[in-house]
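Numbering of ligands and ligand atoms starts at 1, following listing order.
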Amino acid sequence: MDLLTQALDSQDLDAESLAKLYDYDLYALGEAAHTIRTHYHQDQVFFNTNRHLNPSNICADSCKFCAFSASRKNPNPYQMEHTEILEQIESAYKAGVKEVHVVSAHNPNYTYSWYLELFRLIKTSMPDLHLKAMTAAEVHFLSTKFNRAYQEVLEDMLEAGVDSMPGGGAEIFAEGVRKRICGGKVSSTRWLEIHQYWHSLGKMSNATMLFGHIESKQDRLDHMLRLKATQNPNALEKKGGFNAFIPLLYQRDNNFLKVPRSPSAVEILKTIAIARIVLQTSPILRLIGRLWG
Ligand code: SF4
């Protein structure tokens, strides 16, 4: 049986074997991925209207791929406070936004209660606005800085009104690469543990993968398999689990990671198709279909 058929049969293949799917023609991969996608979603597409808000770019970490945090390559630090954040979110809400996505750099000036107070203010003022906030990297930062267990941070977020967690900070799980591109950030194991605990509270989250830098194709497959292994069986019922897999293409400009070239358009499309094939038996597939349909 050839590899694509084995993968479509959801046979138990490792990352090294699955990375060979890249040797297939894009059309063969695309056709297989499209068949899976239409099986789950027919010709429907899904989207929401949301507003991203990043309270600060002042960061205690220094990920090499980052073009956002204040540094030599971005000498414009900023730090928003509650009033300004509320004004911006309320303005978006009045314009019809249904979800707000609040993710910040790891600002050492904000207190623990600053975050919780912000979430309470948002939910008090706009109870039906979906509040997606706090990556696992931020949860780890607060846990470390304020000496609180992950569980305590996550339960406090829940109590303060956070509806779901975004998928940032996953980057690439392969430890060797992770150490080179973002060595100070939450480890892969801890990132997955934080999401698992959030899922156990009955809540949903997303999962990203930063690709197209110094990782190998095998590292991408390893990343997908770790997410698949972590998925909660209740995800389809929305009772906790990953809601989305979001492959993010690394952007080469304005950062400290030297990458000579980006993947070709064909390789990018193959990555998306392979993700659909590899994650097909996992409820995580639902949003792959949504995002890329
Ligand atoms: S944690 Fe890393 S990616 Fe996030 S803002 Fe700080 S330096 Fe950038």
Side-chain angles (χ1 to χ4, degrees), residues 50-81 84-85 88 100-112 114-115 118-119 131-148 150 153-154 157 162 164-195 198 205-215 219-220 223 227 244-259 262:
N50 79 0
R51 165 74 200 262
H52 282 229
L53 200 135
N54 308 114
S56 176
N57 69 349
I58 298 170
C59 194
D61 268 306
S62 52
C63 306
K64 282 200 178 146
F65 58 79
C66 182
F68 170 68
S69 68
S71 70
R72 274 189 288 130
K73 298 223 171 178
N74 177 7
N76 300 307
Y78 73 88
Q79 176 174 305
M80 296 166 75
E81 295 306 336
E84 187 183 357
I85 296 170
Q88 293 202 10
V100 65
H101 178 136
V102 182
V103 166
S104 185
H106 304 164
N107 186 327
N109 304 324
Y110 291 147
T111 62
Y112 186 75
W114 183 93
Y115 290 87
L118 173 64
F119 303 146
L131 174 56
K132 182 162 69 184
M134 299 286 286
T135 66
E138 289 178 279
V139 171
H140 174 78
F141 173 67
L142 291 193
S143 163
T144 308
K145 183 169 168 54
F146 299 103
N147 195 26
R148 289 164 198 259
Y150 292 148
V153 178
L154 293 166
M157 282 161 46
V162 174
S164 67
M165 282 175 64
E171 321 311 357
I172 200 84
F173 291 144
E175 278 76 10
V177 175
R178 191 174 187 86
K179 193 171 172 192
R180 287 175 61 193
I181 66 170
C182 57
K185 202 169 229 173
V186 60
S187 71
S188 308
T189 306
R190 299 284 181 234
W191 190 98
L192 291 164
E193 273 177 20
I194 289 166
H195 279 262
W198 182 247
S205 67
N206 292 341
T208 57
M209 175 179 78
L210 185 70
F211 75 104
H213 42 89
I214 60 170
E215 88 292 354
D219 292 334
R220 296 175 199 162
H223 192 96
L227 288 173
F245 174 64
I246 307 163
L248 299 169
L249 182 65
Y250 163 71
Q251 303 296 307
R252 289 191 301 147
D253 294 336
N254 304 316
N255 65 58
F256 293 94
L257 193 62
K258 296 201 180 342
V259 176
S262 295

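- With hydrogens left out, the protein atom closest to atom 8 (Fe) of ligand 1 is Cys66 SG, 2.3 Å, a heavy atom.
- Checking side-chain atoms of Asn255 against main-chain N and O of Leu257 turns up a donor-acceptor pair under 3.5 Å.
- Annotation: side chain of Met134 is not in contact with side chain of Val103 (no heavy-atom distance under 4.5 Å).
- Close approach to Asp61 involves these atoms of ligand 1, each under 4.0 Å from a residue heavy atom: 1 (S), 7 (S).
- Among all protein heavy atoms, the one lying closest to atom 6 (Fe) of ligand 1 is Cys59 SG, 2.3 Å.
- With 2.8 Å as the limit, Cys182 does not count as an N, O or S neighbour of atom 2 (Fe) of ligand 1.
- Here the protein heavy atom with the shortest distance to atom 4 (Fe) of ligand 1 is Lys185 NZ, 4.1 Å.
- The contact set between ligand 1 and His106, taken as ligand atoms under 4.0 Å from a residue heavy atom, comprises 1 (S).
- For ligand 1, the atoms lying closer than 4.0 Å to a non-hydrogen atom of Cys63 are 1 (S), 2 (Fe), 3 (S), 7 (S).
- Listed by number with element, the atoms of ligand 1 under 4.0 Å from a non-hydrogen atom of Ala105 are 5 (S).
- Checked options Phe141, Phe68, Tyr115; the residue passing with His106 is Phe141 (criterion: ring-ring contact (aromatic ring centres under 6.0 Å, His included)).
- The pair Glu175-Arg178 fails the salt-bridge criterion, with no side-chain N (NZ, NE, NH1 or NH2) lying under 4.0 Å from an Asp/Glu carboxylate O.
- Under a cut-off of 6.0 angstrom, the local environment of NZ in Lys73 is crowded, with over 12 non-hydrogen atoms contributed by other residues, nucleotides or ligands.
- With contacts defined as side-chain heavy-atom distances shorter than 4.5 Å, the pair His213/Lys64 does not qualify.
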